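Notes follow once the structure below has been shown.
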Amino acid sequence: MPVPNYRQILRPFLAELEDGETKSMQHMREAMAVYFNLTPEDLAIKIPSGQTTLLRSRVGWSRTYLHKAKLITLPKRAHCQITDRGRQALIDCPEQINGDYLKTFPEYLEFVNSGKKKSQSDEASDESEPLTPDEQIGQAYQTIKNALASQILDSIKSNTPGFFEDLVVDLMLAMGYGGANAESGRATQQTNDNGIDGVINEDKLGLDTIYLQAKRWENTVHRPEIDKFIGALTRQGARKGVFITTSDFSEGAREAATGLNISIVLIDGQQLAKLMIDNDIGVNITKTYNIRSIDTDYFIQD
């Protein structure tokens with residue numbers, strides 16, 4: 001049979017994890033190839049960009065959607081494991097897991113709707129106007145970007161705290177802080193940092209400095225952590241600080257960073273991933289599409 005689409009892969013993918021073992025994505029691709037009886041020719045088929053194989057791409061998207069619906073977890077890089085919700089899904093869907101079933105989970109709905117404009121007509125999608133080609137392209141781009149952001153955060157969380165501290169320094173330099181001098185920024189994990197994970201010197205003499213705090217967390221960052229950061233900045237006599245986390249900030253944490261005589265910027269996981277994408281940190285451009293429009297001036301005679 002031809003390479004199955006990602007929806008056809010969803011249930012077999014989940015069933016392969018039913019024993020509860022943590023399995024690598026390499027194992028999952030091989031298992032899907034056997035399950036669907038794919039030939040060497042099938043396995044060699046690539047996606048239009050030529051960057052990867054069709055099976056790898058579709059198995060990868062299946063993993064993303066199952067993860068967003070909380071049917072699987074990603075305990076470490078390039079590995080996955082079934083959840084209790086995933087086991088229930090195998091019972092609920094004895095033949096196939098489809099998009100309608102995934103949409104019963106609010107986490108999945110939040111993911112697929114994050115790139116769409118909210119409107120009253122969204123509640124009656126069957127009766128709404130179809131998207132124009134431009135809108136379809138934009139929505140597809142946003143979906144890909146959201147999935148990439150999720151993959152970036154998963155990769156960060158599977159690495160060490162020291163890696164994350166280096167990453168936030170790289171990001172700040174890529175955004176233009178510290179000028180063009182790569183030596184303007186440094187992580188402080190190898191020293192007694194006193195609550196400071198990185199330093200960016202905005203001028204050559206280090207007279208104007210940005211202090212960084214990097215928290216590679218799953219849980220929400222609350223006010224006490226921001227208060228500790230403020231204390232660390234005060235001890236340094238600092239005027240600028242950036243607190244970056246892979247998770248999110250509570251309302252109290254955000255309130256703690258306002259109304260101060262020093263400037264503190266909070267960057268949550270979603271903002272972090274977007275900034276990394278926008279500044280080409282940890283990502284590559286795999287395909288460029290040039291969208292052309294008509295040149296009306298060309299068709300006007302003098």
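Predicted, not measured: the structure shown is a model, and the values here were computed from it.
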| message | Taking the side chain as everything from C-beta on, heavy atoms only, tell me whether E225 gets closer than 4.5 Å to T245. | response | no

| query | Are R239 and D208 close enough for a salt bridge, meaning some N to O gap below 4.0 Å? | reply | yes

| With under 30° as parallel and over 60° as perpendicular, where do the rings of Y65 and Y6 fit, or are they tilted in between? | tilted

| query | Do you know the tightest heavy-atom contact between D197 and A214? | reply | OD2-N, 2.8 Å

| query | Do I47 and Y141 belong together in a cluster built from hydrophobic side chains that touch within less than 4.5 Å? | reply | no

| remark: In short, T220 meets F249 closest at the heavy-atom pair CG2-C, 3.7 Å

| remark: CD1 of I226 to CD of Q213, rounded to nearest 0.5 Å, is 8.5 Å

| Non-hydrogen atoms of F111 and T64 that approach each other most closely | CZ-CG2, 4.2 Å

| request: Working to the nearest 0.5 Å, report the span between CG of L102 and CG of L10. | output: 6.0 Å

| Counting only heavy atoms not in Q270, do more than 12 sit closer than 6.0 Å to its CD atom? | no

| Non-hydrogen atoms of A273 and I152 that approach each other most closely | O-CD1, 4.1 Å

| note | Correct closest heavy-atom pair for A15 and L90 would be N-CD2, 3.9 Å

| request: Measure from the side-chain N and O atoms of R58 to the backbone N and O of V3, and report whether any donor-acceptor pair falls under 3.5 Å. | output: yes

| Nearest-0.5 Å distance, CE of residue M172 to CG of residue L212 | 5.5 Å

| query | After noting the C-alpha distance and the side-chain angles of F36 and L55, does the key distance pass the side-chain contact (heavy atoms from CB on, under 4.5 Å) rule? | reply | CA-CA 11 Å; F36 290 102; L55 179 67; 5.9 Å; no

| message | Is it the case that the side chain of T246 and the backbone of W217 share a donor-acceptor pair, with hydrogens and angles ignored and the cut-off at 3.5 Å? | response | yes

| message | When you compare the side chain of V59 with that of F13, does any pair of heavy atoms fall below 4.5 Å? | response | yes

| query | Taking everything shown except D19 itself, do over 12 heavy atoms lie less than 6.0 Å from its CG? | reply | yes

| Any donor-acceptor N/O pair, E218 side chain to S247 backbone, under 3.5 Å | no

| message | Are more than 12 heavy atoms, taken from residues, nucleotides or ligands other than R85, located less than 6.0 Å from that residue's CZ atom? | response | yes

| task | State whether D268 and R254 are salt-bridged, where the test is any N-O pair (Lys NZ or Arg NE/NH1/NH2 against Asp/Glu carboxylate O) under 4.0 Å. | result | yes

| Do the side chains of R11 and E95 get nearer than 4.5 Å, heavy atoms only? | no

| said: Counting C-beta onward and ignoring hydrogens, is there a side-chain heavy-atom pair between V265 and I244 closer than 4.5 Å? | reply: no

| request: For S24 and H79, indicate whether the former's side chain and the latter's backbone hold a donor-acceptor pair under 3.5 Å. | output: no

| query | Tell me, do V34 and E30 make a side-chain contact under 4.5 Å, heavy atoms counted? | reply | no

| task | Evaluate the side-chain contact (heavy atoms from CB on, under 4.5 Å) criterion for residues M28 and L17: first the C-alpha distance (whole Å), next the side-chain angles of each, then the deciding distance (0.1 Å), finally the verdict. | result | CA-CA 9 Å; M28 298 305 296; L17 297 170; 3.8 Å; yes

| said: Check whether Q8 reaches the backbone of N5 with its side chain - one donor and one acceptor, N or O, closer than 3.5 Å. | reply: yes

| Any side-chain heavy-atom pair of Q151 and R63 under 4.5 Å | yes

| message | With a 4.5 Å cut-off on side-chain heavy atoms, are F243 and I267 touching? | response | no

| message | As an exercise, state the distance from OG1 of T22 to CD1 of I72, rounded to the nearest 0.5 Å. | response | 11.0 Å

| said: I196 vs L233, test: side-chain contact (heavy atoms from CB on, under 4.5 Å). Steps then yes/no. | reply: CA-CA 8 Å; I196 302 298; L233 294 175; 4.2 Å; yes

| said: Working to the nearest 0.5 angstrom, can you tell me the gap between T209 OG1 and E202 CD? | reply: 8.0 Å

| message | Testing the basics here: between A238 and I262, what is the closest heavy-atom pair and its distance to 0.1 Å? | response | O-CG2, 3.2 Å

| field | Test item: V283 and M276 side chains (from C-beta on) under 4.5 Å apart, heavy atoms | value | no

| field | Note: K157-D154 ion pair, threshold 4.0 Å (strictly below) | value | no

| Is any NZ, NE, NH1 or NH2 atom of the basic residue among D278 and K145 found under 4.0 Å from an Asp or Glu carboxylate oxygen of the other? | yes

| Is a side-chain N or O of T258 found less than 3.5 angstrom from the main chain of E255, in a donor-acceptor match? | yes

| query | If you draw a 6.0 Å radius around NZ in K70, do more than 12 non-hydrogen atoms from other residues or ligands fall strictly inside? | reply | no

| query | Within a reach of under 6.0 Å around CZ of R7, are more than 12 heavy atoms found that belong to other residues, nucleotides or ligands? | reply | no

| query | So how far is it from C93 SG to Q88 CD, rounded to the nearest 0.5 Å? | reply | 9.5 Å

| request: Test N146 against T143 for side-chain hydrogen bond (donor to acceptor under 3.5 Å, both in side chains), laying out the working first. | output: CA-CA 5 Å; N146 290 343; T143 299; 5.6 Å; no

